[in-house]
Every structure is written in structure tokens, then in C-alpha cells.
**Q** 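Got a structure here, written out as C-alpha cells. Questions coming.
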Amino acid sequence: MEERYNNKFRRAKKRVEELKGFYIHLFVYMAVNVFILVGVYSSVSGDMDSFWDLGHFFTPIFWGIGLAFHAAKVFGFSPFFNKEWEERQIQKYIDEDKKNAEKFR
């Protein structure tokens, strides 16, 4: 019974650490990108046309993509390789093994 509790505790602790890591990543992302964009805004002296150049947003865009992948991992969002897909693949290989084993009977 104690071993089961310890396993549950370790899984819960790991989950909390993953969430904590994601929220730290999110906070750093927001802080750094606000700092960068405020710096860009002040350097273009209020010229809004110059502020909206795509090059100024490379860091938030590409880092944001990385952050989105981090969120998908932490929150379990996987539209392509989700649990149902895994179960189908496992069942497929089990069925293939059974079929191959029957050939030799």
C-alpha cells in the first residue's frame, strides 16, 4: 500500500514540476518579449510603421512556437499522436504478431 502511495506521490510531484516549469517558461517569455518590444518601440521614436516590421517580432514568434510545443507537452495536447493513436498502433502490432505466430502452427 505504501509503495502505491509513493508511486502516486512521485507522479504527482513530477506533474507539478512540469507545470511549474511551463509557468516559469511563460513568465520569462512574456517578460523578455515585453522588454524587447519596449526597446524596439523606444528606438523607432514612435514611428509606428517602423515598429511593425516583421524582423522585430522574430523572437516572440519563434519562441512562441516553442512555448506552444511546451504547453502541448505539459497539458497533453497532441492532435496527431494522442492516446487513441497509440492504442491503435499497439493493437495493430499485437494483431500482426498473432497473425505471424499462427503461420507457424
Side-chain angles (χ1 to χ4, degrees):
M1 176 100 162
E2 187 175 323
E3 180 66 29
R4 203 160 89 192
Y5 173 78
N6 288 337
N7 287 338
K8 286 182 181 182
F9 179 79
R10 281 194 295 270
R11 283 194 311 267
K13 184 173 173 74
K14 181 181 178 204
R15 178 79 175 125
V16 168
E17 291 296 322
E18 288 174 350
L19 285 169
K20 183 176 155 185
F22 171 74
Y23 288 126
I24 290 170
H25 188 183
L26 179 62
F27 174 76
V28 170
Y29 169 82
M30 291 187 326
V32 168
N33 285 302
V34 165
F35 181 75
I36 289 171
L37 292 176
V38 167
V40 168
Y41 181 76
S42 65
S43 72
V44 297
S45 303
D47 180 18
M48 291 309 287
D49 289 336
S50 180
F51 175 76
W52 292 108
D53 285 342
L54 181 61
H56 298 150
F57 295 95
F58 280 162
T59 301
I61 291 169
F62 290 110
W63 191 354
I65 291 169
L67 185 65
F69 279 111
H70 190 174
K73 179 184 176 285
V74 169
F75 295 108
F77 177 72
S78 178
F80 304 111
F81 301 115
N82 55 18
K83 288 287 184 194
E84 292 83 22
W85 178 85
E86 288 179 14
E87 290 172 6
R88 283 194 313 269
Q89 294 302 312
I90 290 169
Q91 189 60 47
K92 181 175 101 174
Y93 288 115
I94 289 172
D95 293 342
E96 284 179 14
D97 284 345
K98 284 181 185 177
K99 186 177 172 183
N100 288 335
E102 288 175 3
K103 288 181 185 177
F104 298 106
R105 286 186 183 195

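Just so it is clear, the structure is predicted and the values come from calculations on it, not from any experiment. Along the sequence shown, the residues carry numbers beginning at 1. All values below were derived from every heavy atom in this structure, side-chain atoms included, with hydrogens, water molecules and symmetry-related copies excluded.
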**Q** Find out if a path of hydrophobic residues (ILVMFWY) with successive side-chain heavy-atom gaps under 4.5 Å connects Phe69 to Ile61.
**A**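 Yes, Phe69 connects to Ile61 through the hydrophobic network.
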**Q** Calculate, to the nearest 0.5 Å, the distance between atoms CD1 and CG belonging to Ile24 and Leu19 respectively.
**A**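 Interatomic distance, Ile24 CD1 to Leu19 CG, rounded to 0.5 Å: 11.0 Å.
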**Q** Got a second to check how far Asp95's CG is from Ile90's CD1, nearest 0.5 Å?
**A**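 Reported to 0.5 Å precision, the distance equals 12.0 Å.
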**Q** Treat each ILVMFWY residue as a node, draw an edge where side-chain heavy atoms are under 4.5 Å apart, and state whether Val34 and Val28 are in one component.
**A**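 Each belongs to a different hydrophobic cluster.
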**Q** Begin with the C-alpha distance, continue with both residues' side-chain angles, and end with the deciding distance and a verdict on side-chain hydrogen bond (donor to acceptor under 3.5 Å, both in side chains) for Asn100 and Glu96.
**A** CA-CA 6 Å; Asn100 288 335; Glu96 284 179 14; 5.6 Å; no
**Q** Could you go through Asp53 and Val40, starting from their C-alpha distance and side-chain angles, then the distance that decides it, and tell me whether this counts as side-chain contact (heavy atoms from CB on, under 4.5 Å)?
**A** CA-CA 10 Å; Asp53 285 342; Val40 168; over 6 Å; no
**Q** Report the distance from atom CG of Asn6 to atom NZ of Lys13, rounding to the nearest 0.5 Å.
**A**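 Those atoms lie 12.5 Å apart.
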**Q** Kindly compute the distance separating CD (Glu87) from CD1 (Ile94), expressed to the nearest 0.5 Å.
**A**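 Answer rounded to 0.5 Å: 10.5 Å.
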**Q** To the closest 0.5 Å, what do you measure between CE (Met30) and CG (Leu67)?
**A**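 Reported value, rounded in 0.5 Å steps: 9.5 Å.
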**Q** Minimum heavy-atom separation for His56 and Val44, please, with both atom names.
**A**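 What the structure gives for the nearest pair is CE1-CG1, 4.3 Å.
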**Q** Given the side-chain rings of Phe62 and Phe57, with only the six-membered ring counted for Trp, is the space between their centroids under 6.0 Å?
**A**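 Phe62 vs Phe57: aromatic centres not under 6.0 Å.
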**Q** I'd like to know if Glu3 and Arg10 make a salt bridge, using a cut-off of under 4.0 Å between side-chain N and carboxylate O.
**A**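 Yes, charged N to carboxylate O under 4.0 Å.
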**Q** Just wondering, more than 12 heavy atoms not from Tyr41 lying within 6.0 Å of its OH?
**A**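 12 or below, so no.
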**Q** Applying a strict under-4.5 Å side-chain criterion to I, L, V, M, F, W and Y, I'd like to know whether Val32 and Ile65 cluster together.
**A**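 Val32 and Ile65: one cluster.
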**Q** Considering non-hydrogen atoms only, spot the tightest contact between Phe22 and His70 and give its length.
**A**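 That closest heavy-atom pairing would be CA-CE1, 3.7 Å.
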**Q** With under 30° as parallel and over 60° as perpendicular, where do the rings of Tyr29 and Trp63 fit, or are they tilted in between?
**A**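 Geometry flag for Trp63 against Tyr29: perpendicular rings.
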**Q** Just wondering, more than 12 heavy atoms not from Phe75 lying within 6.0 Å of its CZ?
**A**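 Check passes, neighbour count above 12.
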**Q** Supply the atom-to-atom distance Arg88 CZ to Tyr93 OH, rounded to the nearest 0.5 angstrom.
**A**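 With rounding to 0.5 Å, CZ (Arg88) is 12.5 Å from OH (Tyr93).
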